[in-house]
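What follows is a single structure, written as structure tokens, with notes after it.
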Amino acid sequence: MIKKEMVPFRFSDKEVQCWFGVSFDDIREQLSDKRVIWVTDEHVYQKYPEEFPAGECIILPAGEAGKNQDTVNTAIEELLNMEADRDVFLVGVGGGVVTDMAGYIASIYLRGVKFSFAPTSVLGMVDAAVGGKNGVNVGLYKNQVGVIRQPEHLFYNFSFLNTLPELEWISGFAEIIKHACIRDAEMFQFLLNNSLEDFRQDLNVTGDLIRRNAELKYKVAAGDERESGQRRLLNFGHTLGHAIENITTMPHGFAISIGMVFACRLSEKLIGFDPEKTEALKYLLKKYHLPTETDFDKEKAWDILVHDKKKSGDTIHFILLKGIGEGVVHPLSLSELKTLFFEM
Ligand code: GLY
């Protein structure tokens, strides 16, 4: 049984109450003095219909394809039909797509109402729900529109993981491995000593691992909320990863996994990263059932890559590794990257 505990996550304008080890009842009790409107998606709703009160719930389409302004506009119309005023409190219950959209909807509805998140996936718990970036995709380009605004609470109900499909476990572990690569060599070793099957069987150990990752993400993000420095490290594997995700049907974590291997190879060429460490990462990714390479259209990937938000002018802030647990931000001109990208 995971201990219920509140850990404050302090951002510049807000202390987010991060509750680990809570149940749905705990969440309801915590918010009992508010008019709560729940925001979830079709998949989560189908699994837990009894938890969402009829008439006080917005059900978004499941998946990345619906993460756009049209879905947000529909949700806002629903809020208006529910006569939700400025005191309404939105709670996003779902994976990263749901929490990113719920936070964005709450941030723009009536110029901003309060909100909290209850992430339901590994990826949501260790990454998407933490950090305050909320928004939607525009066409093929990910998260191009949005806000940085923190929730009031993060509610970690680890029992959601009992119904999480295997593919989503695997995808979420890509972000955990990313955290280990950029900041936590000890966790890299811990992951090597365990397996996905071990974590799936023991939610207590998984809960501890998720908490360690949520805290790592919080510390990196809180030190650089607007992403002009160390927060960029969290993009390790994401520059190529996002492009692959957009041009294939691959889940996020799978694409990031391939992006991390590419970033390691680039690290070997540019800053002398030990090739044996690239092999160690590949071994770890495979151990967690993640891909390390795929066939993809390089021209198409490049077109998407150059629209990356991490680009300023002709420079892209690529995240490389000096060692395991030692991510670094490496400014690279687009022309230099292009040459390397097409010869690798
Ligand atoms: N929503 C994820 C982040 O702020 O990084």
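Counting starts at 1 for both ligands and their atoms, in listed order.
Using a 4.0 Å heavy-atom cutoff, G132 is listed among the residues neighbouring ligand 1. Residue contact check for ligand 1: L234 places no non-hydrogen atom closer than 4.0 Å to it.
For W19 and Y156, the distance between ring centers is not under 6.0 angstrom.
Side-chain atoms of D224 come within 3.5 Å of backbone atoms of G229 as a donor-acceptor pair (strictly under, hydrogens ignored). Side-chain atoms of S171 do not come within 3.5 Å of backbone N or O of L167 as any donor-acceptor pair. Put simply, the side chain of D26 gets close to the backbone of S23: a donor and an acceptor are under 3.5 Å apart.
Atom numbering of ligand 1 starts at 1 in the shown order; those under 4.0 Å from a heavy atom of K217 are 2 (C), 3 (C), 5 (O). Each of the following atoms of ligand 1 lies closer than 4.0 Å to a heavy atom of D100: 1 (N).
Considering backbone and side-chain atoms together, N134 places no N or O closer than 3.5 Å to any N or O of ligand 1. Between R231 and ligand 1, at least one pair of N/O atoms sits closer than 3.5 Å.
For A128, every heavy-atom contact with ligand 1 shorter than 4.0 Å involves the backbone, none the side chain.
Applying the side chain to side chain contact (heavy atoms under 4.5 Å, CB included) test to D208 and every residue at least two apart in sequence or in another chain returns nothing.
Defined by atom type and a distance below 3.5 Å, a donor-acceptor pair is missing between the side-chain atoms of S121 and E168.
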